[in-house]
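Here's the structure we're looking at; comments come further down.
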Number of protein chains: 2
Amino acid sequence: MPGPRRKTAPERNDDNPANRREDLVRVAARLFREKGFDGTTVRDIATAVGMRSGSPFYHFANKHELLMAVMEEGLRLGLERSEAVIEDAGLPAMERFKRLVRTHYGILHDTGSDFIPVMLYDWRSLPDQYKRRIIELKDRYDDIWQSTLEDLQRQGLIRTDAKLARLMILGAINFSATWYHARSRAKNAVSLDALAEQTVALVTHPT
Amino acid sequence: MPGPRRKTAPERNDDNPANRREDLVRVAARLFREKGFDGTTVRDIATAVGMRSGSPFYHFANKHELLMAVMEEGLRLGLERSEAVIEDAGLPAMERFKRLVRTHYGILHDTGSDFIPVMLYDWRSLPDQYKRRIIELKDRYDDIWQSTLEDLQRQGLIRTDAKLARLMILGAINFSATWYHARSRAKNAVSLDALAEQTVALVTHPT
DNA sequence: CCTACCGATCGGTAGG
DNA sequence: CCTACCGATCGGTAGG
């Protein structure tokens, strides 16, 4: 008997269970971003990876654990990239800041990078018991920004309290998830590089 | 026969149908903000205003029209307050900007002001056919900010393109919906006045 | 990972 | 605005 009809070919790796799990997380991220956690059914996700409706529950105990996996993957990838920026010890704070800003825009808008937007916009759908684990990772990410902004503030390049600056700057960048669309062909489309540059120009005060 | 049990007294006005409609919009805004559009049932809303499950459909054709009414009310209130700021012709651009920032924080965090946060976080739940009407109002709101930021830029108080500045600054403020909680008793709690001040300090460059 | 299925919930409606 | 209700959908499961 044929499976359910699909409009597009399923996105699947080979049959290695670990890879199939990855498929689910990646596709879930995309669908959650597009339609929200509550607006996406487990059936939608299953179909998109070429499974039947009950099979995702072989990989995840329930839908919420799939949501957590999406967020966790986003923070894991984000931490990897941002820690690499920080580890370059010779970099001046201003240069570190510029790279962190550009990296964060990439995390939001690079192709296939749907994990962090899901965290930002479906945070309230995550049950409290799962939040702890994500918060732990999120705190590490915030720390990277925090220490960089404290350096900038000491140098007089930023005028406000470092913590508030962090919340506002990340807020400004995060909000681009609602209006920036990389695929847009509009003439006035801005590159991520330009966007990062403008963001830095807006909030820093060169002496 | 008694109605369904409630944990809290229903929030109701008198029986004037227009007032009951307002009750629904206000309560829906609060619940949508807390639990999301998809996470809130029409039954939840009905119970909270002291109606039975089918009765909201006497006031609204469907759940989506209730969502639209919430967003519309938010923009109506926001426009009212912001236009008042703009209309004071004698005001320097910098002072206008400060007041707009403070006003926007109020729109997000004043008691009972849940309409705009719903628009920000449940925008994708609004069907396209309803979006047009909301976009029209939203454009008027953006115009107020846009012209003020253009003035600031001409005076050299802001370093970036006015449109990008608008998106980034409103983004920074809007994102406070995810982390600022007016009721929080934390010692480091910041007032909306202080928040507005810090925001202005972050993005303006006094000469 | 599939088949076959269930229990619960939910938006919405007819008729008063 | 209430009563009584329906059709559809959905997360999740047993058994293989």
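To find a chain, count down the sequence lines: A is the first, B the second, and so on, and within it residues start at 1. A quick note: this is a predicted structure, and the numbers were derived from the prediction, not measured.
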Worksheet entry | Nearest heavy-atom neighbours spanning Leu100(B) and Ser82(B) |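 Shortest heavy-atom contact: CD2-CB, 4.0 Å.
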Item to complete: Let me know which of Leu149(B), Val85(B), Thr103(B), Leu79(B) forms a side chain to side chain contact (heavy atoms under 4.5 Å, CB included) with Ile144(B).
Response: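 For Ile144(B), the side chain to side chain contact (heavy atoms under 4.5 Å, CB included) check succeeds only for Leu79(B).
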Discussion item. Can you list every stem that DNA chain D is part of, counting only runs of 3 or more consecutive Watson-Crick or G-U wobble pairs with both distances under 3.5 Å?
Written reply: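 Stem list for DNA chain D: C:1-16 with D:1-16.
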Worksheet item: Which nucleotide in the list dA4(C), dC2(C), dG12(C) gets nearest to the side chain of Ser53(B)?
Response: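 The answer is dG12(C).
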Nearest-Å distance, [atom1] ([X]) to [atom2] ([N])?
X        : N       : atom1 : atom2 : answer
Leu24(A) : dC1(C)  : CG    : C1'   : 11 Å
Tyr58(A) : dT3(C)  : OH    : P     : 16 Å
Phe60(A) : dT13(D) : CZ    : P     : 15 Å
Asn19(A) : dC1(C)  : CG    : P     : 10 Å
Arg52(B) : dT3(D)  : CZ    : P     : 4 Å

Can you name the atoms? Protein N/O to nucleotides 8-11 of chain D N/O, anything below 3.5 Å, with the distance.
unit_1: dG11(D); atom_1: OP1; unit_2: Lys63(A); atom_2: NZ; d: 2.9
unit_1: dG11(D); atom_1: OP2; unit_2: Val42(A); atom_2: N; d: 3.0
unit_1: dG11(D); atom_1: N7; unit_2: Arg43(A); atom_2: NH1; d: 2.8
unit_1: dG11(D); atom_1: O6; unit_2: Arg43(A); atom_2: NH2; d: 3.2

Discussion item. Quick test of your reading: applying side chain to side chain donor-acceptor pair (under 3.5 Å), list the pairs with at least one residue in residues 55-64 of chain B, sequence neighbours left out, ordered by first then second residue.
Written reply: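 For residues 55-64 of chain B, and leaving out neighbouring residues, there are no side chain to side chain donor-acceptor pair (under 3.5 Å) pairs at all.
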Item to complete: Salt-bridge test for Glu136(A) and Arg132(A): reply yes if a basic N is under 4.0 Å from a carboxylate O, no otherwise.
Response: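 Looking at Glu136(A) and Arg132(A), the cut-off is not met.
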Worksheet item: From Arg81(A) CZ over to Arg76(A) CZ, what is the distance, rounded to the nearest 0.5 angstrom?
Response: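 Result: 11.5 Å between the selected atoms.
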Worksheet item: Which value, rounded to the nearest 0.5 Å, describes the distance between Arg26(B) atom CZ and Leu24(B) atom CG?
Response: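 So the CZ of Arg26(B) and the CG of Leu24(B) are separated by 9.5 Å.
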Worksheet item: Which of these, Phe175(A), Tyr141(A), Phe97(A), sits in a ring pair (Phe, Tyr, Trp, His ring centres under 6.0 Å) with His104(A)?
Response: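 It is Tyr141(A), the one option of Phe175(A), Tyr141(A), Phe97(A) that forms the ring pair (Phe, Tyr, Trp, His ring centres under 6.0 Å) with His104(A).
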Worksheet item: Have Thr41(B) and Asp44(B) got a donor and an acceptor in their side chains that come within less than 3.5 Å?
Response: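 Checked: Thr41(B)/Asp44(B) side chains pair up, N/O donor to acceptor below 3.5 Å.
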